[in-house]
Amino acid sequence: MARVKICKPCLWTALAGIGFLCIWYFKVLALGYYWLSTSINAAQWEGSSLWLPGYQVAVEGAPIEGLSRNASGLTFNSETGTLFTVINRPPQIAELTTDGRLLRIIELEGAKDPEGITYVQGDTYVISDEDSHSMYWVQIGPQTSRVSVTGKSSLGIRIDSVHNSSFEGVSWDSVQDRLFVVKEKLPLRVLVIRGLDVFNASTGFNIDISEWKSSSAASLFMSDLSSLTLHEPTGHLLLLSDESALVVEYAPDGQPISMLPLWRGFNGLQRKVPQPEGLAVGPDNAIYVLSEPNLFYRFERTPTPSASR
């Protein structure tokens, strides 16, 4: 049998090329730079932000009994004190307690690939559907068991339409009446949509769509975006990345100010969060993360030494 002779210089070149591609794709250098930057500016932000390094995991990877697949997106309803998520196969909405217990499942008709959900007010929610590149307004009351988006108010956005890399998450800002929408990749985008109150009137549309920009283009240093949530008390935006397994807190001007790595050994985690797809913040500033297919996480801010005296 003839032996295959391996060219060692070619092998090392190939390995170096793969390593370079990994560093480029996962934006390792940019991540390191901004990690150092946020650490240096800790004194400036620790008391006036969520300050993600101060969080520890309180519930880690608890399976949500009753859900078996594809839970994505997460939102906190301040009136019910519960969380809502969406499932895409089959399309459903699920209500959860703050410790990850399933309360009910609501059938969702007319949507093919729901990926995000956000609470607006009263019984109103917005659901993002990746397949149709659309946002749907739905009503979910205490006794609702079935919701249909057919014929409901909707907004379709055909920007950089790429199959399975479209709008992953939505977050409503009730202070400024605007909707944040995150696009997964190719390219990464965070859109801000204003004027959506006209859906409740018959006078026509006056929609304004702009792109949220970080203060530095390089500071969107995640390799993808899977969800987002706006923290209204501070106006800070939290972006979640599945591939980078990272939550990043941004100031209103787009400056990255703190990070929560969802990696083993960080913030009390025993294991890496496998596929983070949903993100929400409660009124007590607890941070909730949902990982496909059905894993639930809650992070809580630990008291600072000065606060615990």
Side-chain angles (χ1 to χ4, degrees), residues 59 61-156 164 166-172 174 179-182 196-197 199-201 226-229 275-283 286 288-298:
V59 177
I64 303 170
E65 296 187 10
L67 295 184
S68 59
R69 60 174 67 186
N70 300 325
S72 181
L74 199 62
T75 189
F76 190 93
N77 183 322
S78 56
E79 295 189 17
T80 64
T82 57
L83 296 152
F84 287 78
T85 185
V86 288
I87 300 100
N88 61 9
R89 289 194 298 272
Q92 295 173 323
I93 304 165
E95 183 178 9
L96 312 171
T97 66
T98 54
D99 57 2
R101 181 169 54 89
L102 179 65
L103 294 175
R104 59 172 167 161
I105 291 179
I106 301 164
E107 300 301 320
L108 178 59
E109 298 179 345
K112 293 183 179 180
D113 190 10
E115 289 287 346
I117 182 171
T118 184
Y119 173 66
V120 179
Q121 64 180 9
D123 293 340
T124 302
Y125 298 75
V126 175
I127 292 175
S128 63
D129 183 71
E130 190 173 37
D131 182 79
S132 63
H133 312 283
S134 297
M135 320 298 145
Y136 294 99
W137 274 245
V138 300
Q139 306 296 317
I140 304 173
Q143 307 303 320
T144 301
S145 60
R146 186 179 300 272
V147 168
S148 175
V149 301
T150 304
K152 297 294 179 66
S153 296
S154 65
L155 174 66
N164 206 37
S166 184
F167 302 115
E168 283 281 315
V170 287
S171 182
W172 178 252
S174 64
L179 183 70
F180 286 85
V181 182
V182 69
L196 294 174
D197 56 324
F199 279 106
N200 298 318
S226 58
S227 190
L228 81 169
T229 191
Q275 192 174 348
E277 295 281 350
L279 177 68
V281 180
Y288 302 92
V289 174
L290 199 59
S291 176
E292 287 192 7
N294 66 338
L295 299 181
F296 183 88
Y297 297 78
R298 184 175 74 234

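From a predicted model like this one, the values you see are computed outputs, not experimental measurements.
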Close side-chain approach of I140 and F84, heavy atoms under 4.5 Å: yes
Beyond-backbone contact of L295 with P63, side-chain heavy atoms, under 4.5 angstrom: yes
Within-4.5 Å side-chain heavy-atom neighbours: W172 and Q121: no
Note, I105 side chain near L67 side chain (heavy atom, < 4.5 Å): yes
Heavy-atom check, side chain of L155 versus side chain of L179, under 4.5 Å: no
Any side-chain donor near an acceptor of the partner, Q139 and T124, under 3.5 Å: yes
Residues forming a side chain to side chain contact (heavy atoms under 4.5 Å, CB included) with P91, sequence neighbours excluded: L108, P114
All side-chain hydrogen bond (donor to acceptor under 3.5 Å, both in side chains) counterparts of T80, not counting sequence neighbours: T82
Pairs touching residues 90-106 that satisfy salt bridge (charged side-chain N to carboxylate O under 4.0 Å, His left out), sequence neighbours left out: E95-R104
Check: F76 and V281 side chains under 4.5 Å, non-hydrogen atoms: no
Residues that S72 engages under side-chain hydrogen bond (donor to acceptor under 3.5 Å, both in side chains), provided they are two or more places apart: E115
Qualifying residues under side-chain hydrogen bond (donor to acceptor under 3.5 Å, both in side chains), relative to Y125, sequence neighbours excluded: N77
Qualifying salt bridge (charged side-chain N to carboxylate O under 4.0 Å, His left out) pairs with a residue from residues 63-90, counting only residues at least two apart or across chains: none
